[in-house]
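Bear in mind the structure is a predicted one, so any value in this text is a computation, not a measurement. One-based numbering along the sequence shown.
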Amino acid sequence: MAVLVQKYGGTSVGDAEKIRHVAERIAAAHRAGNSIAVVVSAMGDTTDRLIDLAQSISATPDPRELDLLLSTGELVSCTLVTMALREIGEQAVSMSGAQAGIRTDTAHGSASIVDFDAERVQQALDAGRIVIVAGFQGVTHEMDVTTLGRGGSDTTAVALAAALGAERCEVYTDVDGIYTADPRIVPDARKLEEIGYEEMLELASYGAKMHPRSIELAAWYNTPVLVASSARDVPGTLIHEIAPSGDGAPSGDGAPAGAGGPEEGAGMEVANKVRGVTYERGVARIPLRAVPARPGIAAAVFEPLAASNISVDTIVQNASAERLTDLSFTVDSSDLRAALQVTEGVAGAIGAEECVSHDNLGQVSIVGTGMQNAPGVAAVMFSALAEAGVNIEMITTSQIRITCVVDEAQVNDAVRTLHAAFELAEG
């Protein structure tokens, strides 16, 4: 009997009718002879409403208490799905993250899973039951409830699949796979049949609809992940290990051919190195001006931010002839106030001339393993954005990704421009 782990997102369990539909899907997979464990997110916008409620009581809710509050959203959907399954004759049992054996560190709001003892889940599966686990949450060794951060139910599902040795993890959501770009912005975006862990991790880290840590876990344990629609029976996208071909692009579905494309071979070669375009809104930039250029300055800035559990993304440092430097970095807009408070305190201590902030930014990225061997990719990206009148605030790169920070109001234009420039549309 194959073990499958399914995960249903908040829109998939948004109301009673959708919950009954999900229960029928789960039951069908179970009746087909599979052993099924399911992870669910909170219904619809429950988490946002709980955050708003907390902030109506306290401008800065205590992280421990906020985690306990937010964890209730997944418990509601978890128990309702279980009830729906029982109504159609299935033996099902619900479990909180703690009951399922998920142990985390103490970083409230963005905890990491440190141990997953799935024995209780396995016992229930062995007894023929369907197990419904509340996503997004775990418990510390001191029994304090924690949450895993936005999208953390993806991480719960992949971790559960790895702990159970499942055949695969199936993530069902309001989209039917991974696309070359967000189809709400680019209507002719193309759905990928498959994608490797490395490319998917870059896409997830820079805006695609998967929690980055879930992809890290899937790659570490070599757990295939299928992303598909919970509403329609259509093929999804399989995230799995893909061996690179000789030119650096993945084999299989591989580096997609463009629609039409330039006549010159070199242009087509550059276009085909890019696998997808992704974006993220809600980015803020904090520049420190005229910082003394001496050893230890970067540590003095970023260690306090890490201690405050603030994640920093893009970092740019520019040195000048006067042994001074400008140091800029980006954070999520939701962390701006806390990050600015920490940084302003550091600025005085290190002798920086000025500490300011810029909100209402976003970022757009191109991703593809083939980019490692295609030096023309960056030139195409920057030229296309310039022609579209999109100003670049900051740039960061990896071997298979280039990200530009831009004005948030220009994100959609930037995505459409790059998708066209790299010929990623449906053929």
Side-chain angles (χ1 to χ4, degrees), residues 7-20 22-23 38-84 94-100 102-113 132-140 142-157 159-160 171-174 207 209-214 230 280-284 308-311 331-339 359:
K7 180 260 177 178
Y8 291 91
T11 54
S12 301
V13 293
D15 56 38
E17 183 180 351
K18 290 179 178 179
I19 286 173
R20 283 190 285 267
V22 162
V38 179
V39 172
V40 292
S41 298
M43 297 172 64
D45 62 353
T46 297
T47 301
D48 289 333
R49 288 190 289 106
L50 289 172
I51 291 172
D52 290 343
L53 183 60
Q55 291 179 339
S56 72
I57 302 296
S58 169
T60 54
D62 178 80
R64 179 189 180 278
E65 302 308 322
L66 184 61
D67 268 2
L68 188 56
L69 174 66
L70 297 184
S71 71
T72 63
E74 276 68 22
L75 294 176
V76 170
S77 53
C78 174
T79 51
L80 289 175
V81 170
T82 302
M83 291 176 189
S94 63
M95 296 185 189
S96 67
Q99 289 171 322
I102 302 173
R103 296 290 182 267
T104 75
D105 61 20
T106 59
H108 287 288
S110 58
S112 296
I113 298 173
I132 313 297
V133 177
F136 179 61
Q137 62 184 258
V139 66
T140 69
E142 291 75 33
M143 299 306 293
D144 286 326
V145 172
T146 55
T147 63
L148 308 180
R150 286 288 187 178
S153 292
D154 292 338
T155 301
T156 304
L160 179 58
V171 176
Y172 293 103
T173 182
D174 56 348
K209 293 190 71 173
M210 282 291 290
H211 198 245
R213 289 191 344 242
S214 70
S230 61
E280 191 172 1
R281 295 190 174 89
V283 175
S308 298
N309 206 30
I310 297 170
S311 294
V331 296
D332 190 276
S333 290
S334 63
D335 290 328
L336 177 58
R337 184 164 66 173
D359 206 352

Could you list the residues that satisfy side-chain contact (heavy atoms from CB on, under 4.5 Å) with [X], not counting sequence neighbours?
X: Ala42; answer: Thr46, Thr47, Glu74
X: Ser94; answer: Cys78, Thr79, Thr82
X: Ser56; answer: Leu53
X: Ala98; answer: Ser96, Val139

Original post:
Would a distance-only check, ignoring hydrogens and angles, find a side-chain to backbone donor-acceptor pair under 3.5 Å from Thr140 to Glu142?
Top reply: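 Side chain of Thr140 to backbone of Glu142, a donor-acceptor pair under 3.5 Å: yes, one is there.
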
How far apart are the closest heavy atoms of [X] and [Y], and which atoms are they?
X: Val171; Y: Met210; result: CG1-SD, 4.2 Å
X: Ala111; Y: Leu148; result: O-CD2, 3.4 Å
X: Ala54; Y: Leu66; result: CB-CD1, 3.7 Å
X: Asp359; Y: Ala284; result: OD1-CB, 3.8 Å
X: Ser110; Y: Arg213; result: O-NH1, 4.1 Å
X: Met43; Y: Ser77; result: CG-CB, 3.8 Å

Subject >> Residue pair Ser311 / Asp335, side-chain donor-acceptor N/O under 3.5 Å >> reply: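 Per modelled atom types, Ser311 and Asp335 side chains form no pair under 3.5 Å.
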
Subject >> Value rounded to 0.5 Å, distance of CG in Leu75 from CD in Gln99 >> reply: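 Between atom CG of Leu75 and atom CD of Gln99 there are 8.5 Å.
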
Original post:
From Thr60 OG1 over to Arg337 CZ, what is the distance, rounded to the nearest 0.5 angstrom?
Top reply: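 Reported value, rounded in 0.5 Å steps: 7.0 Å.
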
**OP:** Hey, could you give me each pair passing side-chain hydrogen bond (donor to acceptor under 3.5 Å, both in side chains) that has a residue in residues 145-156? Not counting sequence neighbours.
**Re:**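 Qualifying pairs: Lys7-Asp154, Ser41-Ser153, Asp48-Arg150, Asp67-Thr147, Thr104-Thr146, Thr155-His211.
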
Which residues pass the side chain to side chain donor-acceptor pair (under 3.5 Å) test with [X], sequence neighbours left out?
X: Thr173; value: none
X: Arg281; value: Asn412
X: Ser230; value: Ser12

Salt bridge (charged side-chain N to carboxylate O under 4.0 Å, His left out) against [X], all qualifying residues, sequence neighbours excluded:
X: Asp174; result: Lys209
X: Arg49; result: Asp45
X: Asp144; result: Arg64

Subject >> Working for side chain to side chain contact (heavy atoms under 4.5 Å, CB included), residues Leu160 and Val39 >> reply: CA-CA 9 Å; Leu160 179 58; Val39 172; 3.9 Å; yes

